[in-house]
Novice: 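Okay, here's the structure, questions in a sec.
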Number of protein chains: 2
Amino acid sequence: MSETHLQDALDTLKTTGVRITPQRHAILEYLIQTMAHPTADEIYKALEGKFPNMSVATVYNNLRVFREVGLVKELTFGDASSRFDFVTNDHYHMICECCGKIVDFHYPGLDEIEHFASQVTGFDVHAHRLEIYGTCPSCKDVSAKVQ
Amino acid sequence: MSETHLQDALDTLKTTGVRITPQRHAILEYLIQTMAHPTADEIYKALEGKFPNMSVATVYNNLRVFREVGLVKELTFGDASSRFDFVTNDHYHMICECCGKIVDFHYPGLDEIEHFASQVTGFDVHAHRLEIYGTCPSCKDVSAKVQ
DNA sequence: ACACTAATTGTAACAATTATAAATTAATAA
DNA sequence: TTATTAATTTATAATTGTTACAATTAGTGT
């Protein structure tokens with residue numbers, strides 16, 4: 001099924017007139033296959049084996065292209081570097097403040113808040129972003145043992 | 001009433017054992033008084049007149065101190081630099097994707113989603129973050145005129 | 001007013017990201 | 001298939017936001 005995701009993504013590129021290069025193919029493949037939400041540098045390092053000559057700039061350029069086409073979402077948390085997430089269906093992120101782990105979860109029907117906010121502020125609403133911060137089970141265990 | 005905010009903030013510093021310096025006083029005052037959500041550099045530039053010798057490092061240091069004490073929230077959007085928001089009561093942000101304007105709005109009862117997410121992921125939940133993106137009224141006007 | 005310690009300053013370092021220009025390569029049509 | 005053209009990659013330099021550091025300065029409790 002990640003196969004079809006990749007195929008869909010490539011189709012999107014084709015219809016949008018974005019050339020499909022081996023580097024783009026590899027970046028997309030990696031983004032889809034990994035369960036993590038990698039930084040640009042992590043992607044760069046992960047593909048170093050396959051593409052010894054690839055430049056970091058290529059990773060950044062293509063992540064921007066993917067974002068513009070809507071294939072990829074850029075996540076900016078407090079820390080230094082952005083993380084990138086292949087867009088499938090809508091989901092939110094639960095983030096461990098201890099170890100940085102990110103877990104996806106689904107939650108339907110936050111559209112009402114978009115409505116509400118639109119009414120209150122007079123904005124046209126395009127999208128929203130929600131993250132929840134906490135402590136993951138394994139970090140809870142660790143801190144329990146320490147005490 | 002922004003007077004009491006400032007006084008409360010200073011009290012918080014005192015009880016937390018954080019020294020009250022003129023620079024800290026001025027940064028807090030500026031954060032409370034401005035309706036915007038300034039970057040560290042904007043704060044630095046705004047106080048340049050009063051403190052010609054103040055270092056950027058001082059601004060960053062103190063914003064970190066304020067964050068650790070809970071007086072200030074750091075907002076990281078897609079763009080390069082963090083923005084800082086004096087913490088009053090809980091509110092969310094509506095952000096114009098066209099001009100970057102940020103408008104605060106209140107919305108009660110998003111605790112249920114914290115509960116839900118906690119159940120689903122097994123995390124202990126500490127906080128959440130929500131932003132809504134759209135186009136502000138004045139940017140709507142401009143784009144209407146162009147067409 | 002004194003001493004103690006934290007805070008400020010100026011600067012250098014760092015790390016993420018972007019700009020640039022030259023070399024390469026994918027898509028297209030002949 | 002090949003030539004053409006414009007997009008893409010690459011390598012590197014530049015930029016920018018932020019932090020680290022060491023020396024100086026200044027709050028605070030006594």
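Everything quoted here is computed from the prediction, not taken from an experiment. A, B, ... follow the sequence lines: proteins, then strands. Residue 1 opens every chain.
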Novice: For the atom pair CD1 (I95(A)) and CD1 (I102(A)), what is the distance rounded to the nearest 0.5 Å?
Specialist: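 Reported value, rounded in 0.5 Å steps: 5.5 Å.
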
Novice: Given atom CD1 of I20(B) and atom C1' of dA7(C), what is their separation to the nearest angstrom?
Specialist: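 It works out to 13 Å between those atoms.
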
Novice: Using atom CG of D41(A) as one end and atom P of dC14(C) as the other, report the distance to the nearest whole Å.
Specialist: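 Going from D41(A) (CG) to dC14(C) (P), I get 16 Å.
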
Novice: Y60(A) has a side chain; which of dT18(D), dA16(C), dT8(D) sits nearest to it?
Specialist: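 So the nucleotide nearest the side chain must be dA16(C).
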
Novice: Which part of the nucleic acid, if any, lies within reach of P52(A) when heavy atoms closer than 4.0 Å are counted: base, sugar-phosphate only, or nothing?
Specialist: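 Nothing, no nucleic acid heavy atom in range.
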
Novice: Within the pair Q23(A) and dT25(C), is there a side-chain N or O less than 4.0 Å away from OP1 or OP2?
Specialist: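 Answer is no, no contact under 4.0 Å.
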
Novice: Looking at the side chain of N53(A), which of dT28(D), dA26(C), dA11(D) is the nearest nucleotide?
Specialist: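 Ranking dT28(D), dA26(C), dA11(D) by closest atom to the N53(A) side chain puts dA11(D) first.
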
Novice: Expressed in angstrom and rounded to an integer, what is the separation of L13(A) atom CG from dA26(C) atom P?
Specialist: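 Value for this atom pair: 15 Å.
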
Novice: Y92(A) vs F105(A) aromatic rings, parallel, tilted or perpendicular, using cut-offs 30° and 60°?
Specialist: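 Geometry flag for F105(A) against Y92(A): tilted rings.
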
Novice: Return the nearest nucleotide to the side chain of N61(B); candidates are dT9(C), dT9(D), dT18(C).
Specialist: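 Output: dT9(C).
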
Novice: Would you mind telling me which of dA26(C), dA16(C), dT19(D) lies closest to the side-chain atoms of A80(A)?
Specialist: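 Nearest listed nucleotide: dA16(C).
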
Novice: Which pair of non-hydrogen atoms, one from L31(B) and one from P38(B), has the smallest distance, and what is that distance?
Specialist: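 That would be CD2-CG, 3.9 Å.
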
Novice: Of the nucleotides dT8(D), dT9(C), dG27(D), which one has an atom closest to the side chain of T58(B)?
Specialist: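 So the side chain of T58(B) is nearest to dT9(C).
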
Novice: Which residue, G17(A) or R19(B), contacts DNA chain D at a nucleotide closer to its 5' end, judged by nearest heavy atom?
Specialist: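 It is G17(A) whose nearest nucleotide is closer to the 5' end.
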
Novice: Looking across every strand, which nucleic acid part, if any, lies under 4.0 Å from T39(A) by heavy atom: base, sugar-phosphate, or nothing?
Specialist: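 Nothing: the residue T39(A), judged by heavy atoms under 4.0 Å, touches no strand.
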
Novice: Below 4.0 angstrom from OP1 or OP2 of dT8(C), is there any side-chain N or O of T21(B)?
Specialist: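 For T21(B), the contact criterion (side-chain N or O under 4.0 Å from OP1 or OP2 of dT8(C)) is met.
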
Novice: Side chains of Y44(B) and E42(B): do they bring a donor and an acceptor to under 3.5 Å?
Specialist: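 Distance-only check fails for Y44(B) and E42(B).
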
Novice: Taking CD from E74(A) and C1' from dT18(C), how many angstroms apart are they, rounded to a whole number?
Specialist: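 My rounded result for the distance is 13 Å.
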
Novice: Could you tell me whether the phosphate oxygens of dT9(D), OP1 or OP2, come under 4.0 Å of any side-chain nitrogen or oxygen in R24(A)?
Specialist: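 Answer yes for this pair, as a side-chain N or O of R24(A) is under 4.0 Å from OP1 or OP2.
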
Novice: Starting from the 5' end of DNA chain C, give me the residue, F51(B) or R64(A), whose nearest nucleotide shows up first.
Specialist: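 Nearest-nucleotide comparison on DNA chain C picks F51(B).
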
Novice: Mind calculating the distance between CE (M54(B)) and C1' (dT24(D)) to the nearest angstrom?
Specialist: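 These atoms are roughly 18 Å apart.
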
Novice: Using whole Å, report how far CD of E42(B) lies from P of dT16(D).
Specialist: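 Atom CD in E42(B) sits about 15 Å away from atom P in dT16(D).
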
Novice: Separation of H25(B) atom NE2 from dA26(D) atom C1', in whole Å?
Specialist: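 Result: 16 Å.
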
Novice: If you only use heavy atoms from C-beta on, which nucleotide in dT8(D), dT9(C), dT17(C) is closest to the side chain of S55(B)?
Specialist: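 That would be dT9(C).
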
Novice: Please tell me whether H128(B) and E114(B) have a donor and an acceptor in their side chains that are separated by less than 3.5 angstrom.
Specialist: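 Side chains of H128(B) and E114(B): pair found under 3.5 Å.
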
Novice: Just checking, is any N or O donor in the side chain of H5(A) or T88(A) under 3.5 Å from an acceptor N or O on the other one?
Specialist: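 Absent: no donor and acceptor within the cut-off.
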
Novice: Let's see if you can work this out: which of dA26(C), dT17(C), dA19(C) has an atom nearest to the side-chain heavy atoms of A57(A)?
Specialist: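 Output: dA19(C).
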
Novice: May I have the distance from L10(B) (atom CG) to dG27(D) (atom P), rounded to whole angstrom?
Specialist: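 After rounding, the gap between these two atoms is 14 Å.
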
Novice: Please confirm whether the shortest side-chain N or O distance from N62(A) to OP1 or OP2 of dT9(D) is below 4.0 Å.
Specialist: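 Checking dT9(D) against N62(A), a side-chain N or O does come within under 4.0 Å of OP1 or OP2.
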
